[in-house]
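Pasting a structure below so you can have a look.
It should be emphasised that the depicted structure is a prediction, and the values quoted were computed from it without experimental measurement.
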Amino acid sequence: MSNRTFTMIKPDAMKNGHAGAILDRIIKEGFRVVSLKLTKLSKEKAGEFYAVHKERPFYGELVDFMSSGVIIAAILEKDNAVNAFRTLIGATNPAQAEAGTIRKLFATSIGENAVHGSDSDENAQIEGSFFFSGLEQF
Ligand code: CMP
């Protein structure tokens with residue numbers, strides 16, 4: 001069990017003006033910000049980040065969407081961070097997310113679901129390093 005996870009505030013939440021509320025909620029839930037940046041993924045970089053989903057029918061749509069606008073990428077720290085963050089954001093499909101979770105509050109569909117959260121300690125490490133060098137992790 002590691003104490004770090006990785007998140008992105010996705011283009012839908014950025015365009016809909018929810019970034020401030022989402023960051024505020026994350027911090028109020030006790031996550032410490034280790035790294036944070038506003039950035040934009042090219043199609044190539046979005047495809048690389050989500051390469052694990054390459055064979056899935058929604059891969060093309062996912063890559064187009066994740067490269068459609070700016071995002072906020074962050075590494076977060078808290079005890080049992082991966083699981084704690086997944087509880088905070090709720091189910092991938094906002095229709096199935098618990099009341100009060102970030103996706104229930106701010107997501108519009110399974111494809112445009114406001115935030116990403118790592119699904120394992122190993123992926124949290126890989127995903128955080130995709131966006132941040134060691135010098136950018138505090
Ligand atoms: P995320 O947690 O970022 O990881 C993979 C993403 O693929 C997921 O959030 C969803 O946004 C997206 N995704 C998963 N299933 C579907 C689906 N059935 N249709 C469209 N997008 C999906």
- Message: My understanding is that only residues two or more places apart in sequence, or in another chain, count here; which of them pass side-chain hydrogen bond (donor to acceptor under 3.5 Å, both in side chains) with E122?
- Response: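 None.
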- Query: Can you find a heavy atom in the side chain of V70 that is under 4.5 Å from one in the side chain of P11?
  - Reply: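 With C-beta onward as the side chain, the pair stays apart.
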- Message: Under 4.5 Å between side-chain heavy atoms, counting indirect links through other Ile/Leu/Val/Met/Phe/Trp/Tyr residues: same cluster for I9 and I110 or not?
- Response: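 In one cluster with I9: I110, no.
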- Note on the structure: Applied to residues 78-111, the ring-ring contact (aromatic ring centres under 6.0 Å, His included) test, sequence neighbours excluded, yields H18-F106, F31-F85
- Message: Run the side chain to side chain contact (heavy atoms under 4.5 Å, CB included) test on R103 and V115 for me, step by step, so that the C-alpha distance in whole Å, both residues' side-chain angles and the decisive distance to 0.1 Å come before the verdict.
- Response: CA-CA 7 Å; R103 282 174 172 154; V115 283; 4.0 Å; yes
- Would you mind telling me which of V34, L36, I75 makes a side-chain contact (heavy atoms from CB on, under 4.5 Å) with F132? I75
- Task: Answer yes or no: are there more than 12 heavy-atom neighbours, outside E48 itself, under 6.0 Å from its atom CD?
- Result: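 Atom CD in E48 is crowded, with more than 12 foreign heavy atoms closer than 6.0 Å.
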- What distance separates K10 NZ from I72 CD1, expressed to the nearest 0.5 Å?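 Rounded to the nearest 0.5 Å, the NZ-CD1 separation comes to 14.5 Å.
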- Treat each ILVMFWY residue as a node, draw an edge where side-chain heavy atoms are under 4.5 Å apart, and state whether L105 and L23 are in one component. yes
- Task: For E61 and M66, run side chain to side chain contact (heavy atoms under 4.5 Å, CB included): C-alpha distance rounded to whole Å, both residues' side-chain angles, the deciding distance at 0.1 Å, then the answer.
- Result: CA-CA 9 Å; E61 200 181 304; M66 287 304 296; over 6 Å; no
- Message: Please say yes or no: joined through hydrophobic side-chain contacts below 4.5 Å, possibly via intermediate residues, are Y50 and I89 part of one cluster?
- Response: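 In one cluster: no.
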- Can you tell me how far CG of D12 sits from OG of S68, rounded to the nearest 0.5 angstrom? 8.0 Å
- Query: With a 4.5 Å heavy-atom cut-off, do N80 and N3 have their side chains touching?
  - Reply: no
- Note on the structure: In short, A124 meets S118 closest at the heavy-atom pair CA-OG, 3.3 Å
- Query: Where do M8 and L41 come nearest, in terms of heavy atoms and distance?
  - Reply: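 Smallest heavy-atom distance, with atoms named: SD-CD1, 4.4 Å.
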- Aromatic ring centroids of F130 and F6 under 6.0 Å?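 F130 vs F6: aromatic centres not under 6.0 Å.
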- Check L76 against A81 and note the closest heavy-atom contact, atom names and distance. O-CB, 4.3 Å
- Check whether more than 12 heavy atoms from other residues, nucleotides or ligands sit under 6.0 Å from atom CD of Q125, and answer yes or no.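 For Q125, atom CD is not crowded (no more than 12 foreign heavy atoms under 6.0 Å).
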- Under the salt bridge (charged side-chain N to carboxylate O under 4.0 Å, His left out) test, residues paired with R86 that sit two or more places apart: none
- Could you work out the complete set of other residues in the hydrophobic cluster of I126, with links drawn between I, L, V, M, F, W and Y side chains under 4.5 Å apart?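 Members other than I126 - counting any ILVMFWY side chain reachable under 4.5 Å - there are none.
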- Dump the intermediate steps for side chain to side chain contact (heavy atoms under 4.5 Å, CB included) on K45 and K40, then the final yes or no. CA-CA 9 Å; K45 279 293 185 189; K40 188 168 187 288; over 6 Å; no
For residues 94-101, which side-chain N or O atoms pair as donor and acceptor with protein atoms under 3.5 Å away, sequence neighbours left out?
unit_1 : atom_1 : unit_2 : atom_2 : d
T101   : OG1    : E98    : O      : 2.7
T101   : OG1    : K104   : N      : 3.3

- What distance do I26 atom CD1 and K78 atom NZ have between them, rounded to the nearest 0.5 Å? 11.0 Å
- Item | Set of residues satisfying side-chain hydrogen bond (donor to acceptor under 3.5 Å, both in side chains) with respect to Q137, sequence neighbours excluded |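 Once residues adjacent in sequence are excluded, Q137 has no partner under the side-chain hydrogen bond (donor to acceptor under 3.5 Å, both in side chains) criterion.
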- Message: Using the rule that Ile, Leu, Val, Met, Phe, Trp and Tyr join whenever any side-chain heavy atoms are under 4.5 Å apart, tell me whether I102 and V33 fall into a single cluster.
- Response: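 Yes.
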- Check: E136 main-chain N/O paired with S35 side-chain donor or acceptor under 3.5 Å: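 Present.
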- Give, for atom CG of N83 and atom CG of L88, the distance between the pair rounded to the nearest 0.5 Å.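 Taking CG in N83 and CG in L88, the distance rounds to 12.5 Å.
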- Message: Please check: side-chain N/O of T7 versus main-chain N/O of H116, any donor-acceptor pairing under 3.5 Å?
- Response: yes
- Same apolar cluster (I L V M F W Y, side chains within < 4.5 Å links), V82/I27: no
- Task: Answer yes or no: are there more than 12 heavy-atom neighbours, outside K43 itself, under 6.0 Å from its atom NZ?
- Result: no
